Every structure is written in structure tokens, then in C-alpha cells.
Protein chains: 2
Amino acid sequence: MRALATTYRAQEAPAGLPEPLPQPACDDLRLEQVLAVLADPLRLTIVQRLLTQAERYDHACGWFGLDRPKSTLTHHFKALREAGVISQRQYGLERRSRVRLNDLNARFPGLIDLILDWTPAT
Amino acid sequence: MRALATTYRAQEAPAGLPEPLPQPACDDLRLEQVLAVLADPLRLTIVQRLLTQAERYDHACGWFGLDRPKSTLTHHFKALREAGVISQRQYGLERRSRVRLNDLNARFPGLIDLILDWTPAT
DNA sequence: GTAGTGGTACGAGTTTAGTCGAACTATGGC
DNA sequence: GCCATAGTTCGACTAAACTCGTACCACTAC
């Protein structure tokens, strides 16, 4: 599965998109915070699915089909965004997420491969 | 600093050493647990120092010069060992630690480089 | 207008993690 | 035996995190 990390295209945001919600700059990403936010299985699932199954540009949190209340999902997506792992843009009603691939590869090379190789506990 | 990860010799334990304290097998290492245990700055410091400054085989926890009570250090070393990041052997009075380099590189390639590249927050 | 949708914000309950003091064990030197 | 040393274990406190219900907001369709 690791080959995906390198073949996964570093998607550039098309022009005219909504601005991303507030997020830490690439230089401000902290390894300990990124690790902490990825230590949760649910968040690891979210990021892995974004990496492997996001065909289009990005996805709203309903797309993941996670069986949790909305307030729980909001909590986890916010944690991922505040740690700098994902960015989110507002599209009318929906708030769509994508992995900050370029920034993560620049700051923490190899991290994406670790996420791709992960398999949830049985 | 990243070059160290590949040049760092994968030390084999000499024969006749004390057995390691109980620790998870290589195949049982869980990424989410390893990330959780590395999300703490103090533990990240411990592992990084073991990787970069351990000249001999391994080191007791007093060697690190960490300004914390012994019970706190015991807690963190135990967390690292139970997550599979370090192994510990009893040498008379001392309990010496080393990073499980071979196992970590086998299961989570690239992780060691992330630890080596880390710089503590100012 | 109303209703439905995608999501946030707040707050509470529960759990987990970090910190540390005090008491304890085990080893080695004398 | 005594004493110092290296570390553990226990318990308590505190802080943080996860979960989730409720209320709320913004937008769209009708």
C-alpha cells in the first residue's frame, strides 16, 4: 500500500475556492501535536480514508460514513485541522476536508506512509 | 540530522546479557500506541537522546539528567517500553534502556527519522 | 414564510494521562 | 549486619481528552 504515498498527486487547490479555515502555517507544525492527533484510531481512519479514497478534491465529514454523533465528528475534524493535518474549506453548507499532503511531506517525510500502512485493530 | 538514522548501527545484544523486561513482540506493535507514547515531549526527548548520544550499549535513566522525580521517570520509561519503543534490561541495580531500532524500522519505516529531526519547543 | 440539511458551540459526564510524594524492594559495598 | 543507591509501586491530585446531547446557526428548496 505504501506506493500510494508517492503516486498520490499533490493536488493544488483550483482558483476561486473558498479560503481554508484558520490553520497553523507549515512552519508552525509541531511533531508532538501531529503525533498526538494521529494517536486516535478514529482520526487515523479519517486521514487514511482521505488519502486512499478521496477521488475528487475533498470531502465533507458525512462522506466518511462514521457512526458517531455530529458533535463528535466536529470535535475530531477540528483537532485534525488545528494540528495541521487537514485543511477545511466551506462550500455553502458543507465543510470539506483534505490532507495537507505537501506540508506534511515537507515537514515530516515518511509520516504519510506510516498512515497508509496502518491497519485498524480487529 | 536525518542521516543518523541509517548510519546508526543496529546493535545486537551481546550474549550473556540479562533478558529484556516484558515487552510486546515486534508483530504486536500498534502504530496508534507508538504515536501516543511519542506525543509527549519528555518521552520524545528520551528517545532522541538514546538515538543520538548513546555511545555504549544502553543507558540507565539517571544518565539522561532529566530534572524530574524518579517516579515520573519510571512512569515514562514504562510507557515507552509497553508501547514497544524501547527495551530495558536489569543490570544489578540499574535498568538500562535502548531503542528497539530493528523492530521500529521493520514495522514503521521512517519513524526514527521523524524523531531525529524533532526539535523541542523553545 | 417553513422545513430540512450540514455543521458549530456549549456544557456535562466519564475516562485517561501526567506529576509527584511517600513507602517500599533489591542490589552492592563496607 | 548497616547503609546508600536505582528503581518500583501505590495513591492522590490535576489537567486534558473523548463522547455526546442539546441548542443553535446558515443555507437551500419549496
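Numbered from 1 within each chain, the chains take letters A, B, ... in sequence-line order. As the structure is a computational prediction, the values presented were derived from the model and not from experiment.
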- request: Give one of base, sugar-phosphate or nothing for B/Arg43, where a contact means two heavy atoms less than 4.0 Å apart.
  value: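 Sugar-phosphate, backbone atoms only, no base.
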
Tell me what B/His76 touches on the nucleic acid: a base, only sugar-phosphate, or nothing, going by heavy atoms under 4.0 Å.
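Sugar-phosphate, no base atom in range.
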
Nucleotide nearest B/Ser71 when distance is taken to its side chain, options D/dT9, C/dT19, D/dC20: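 Of D/dT9, C/dT19, D/dC20, D/dT9 is nearest to the side chain of B/Ser71.
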
Looking at the side chain of B/Leu93, which of C/dT8, D/dC18, D/dT5 is the nearest nucleotide?
->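 Closest nucleotide to the B/Leu93 side chain: D/dT5.
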
[atom1] of [X] versus [atom2] of [N]: gap in Å, rounded?
X: B/Glu82; N: C/dG18; atom1: CD; atom2: P; result: 12 Å
X: A/Leu44; N: D/dC18; atom1: CG; atom2: P; result: 13 Å
X: B/Leu73; N: D/dT9; atom1: CG; atom2: C1'; result: 15 Å
X: B/Lys70; N: D/dC10; atom1: NZ; atom2: C1'; result: 15 Å
X: A/His75; N: C/dG11; atom1: NE2; atom2: C1'; result: 14 Å
X: B/Leu66; N: D/dA6; atom1: CG; atom2: C1'; result: 15 Å
X: B/Glu94; N: C/dA26; atom1: CD; atom2: P; result: 18 Å
X: A/Arg95; N: C/dT5; atom1: CZ; atom2: P; result: 20 Å

field: CD1 on A/Ile46 to CZ on A/Phe64, rounded to 0.5 Å
entry: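 With rounding to 0.5 Å, CZ (A/Phe64) is 6.0 Å from CD1 (A/Ile46).
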
To the nearest 0.5 Å, how far apart are NZ in A/Lys78 and CD1 in A/Ile86?
->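 It is 12.5 Å, given to the nearest 0.5 Å.
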
Side chain to side chain donor-acceptor pair (under 3.5 Å) for A/Arg81 and A/Gln23? Distances and angles first, verdict last. CA-CA 6 Å; A/Arg81 175 169 50 86; A/Gln23 62 182 24; over 6 Å; no

For this session: Before giving the answer on side chain to side chain donor-acceptor pair (under 3.5 Å), spell out for B/Gln90 and B/Arg95 the whole-Å C-alpha distance, their side-chain angles and the decisive distance to 0.1 Å.
Result: CA-CA 4 Å; B/Gln90 195 79 31; B/Arg95 179 166 293 194; 2.9 Å; yes

Practice prompt. Look only at the side chain of B/Thr72 and the backbone of B/Arg68, and say whether a donor-acceptor pair between them is shorter than 3.5 Å.
Written response: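 Side chain of B/Thr72 to backbone of B/Arg68, a donor-acceptor pair under 3.5 Å: no, none is there.
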
Does any N or O donor sit under 3.5 Å from an N or O acceptor when you compare the side chain of A/Thr74 with the base of C/dG7?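 A donor-acceptor contact between them is absent.
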
On DNA chain D, check which nucleotide each of A/Ala79 and B/Arg81 is closest to and give me the residue with the more 5' one.
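By nearest-heavy-atom nucleotide position, the 5'-most residue is B/Arg81.
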
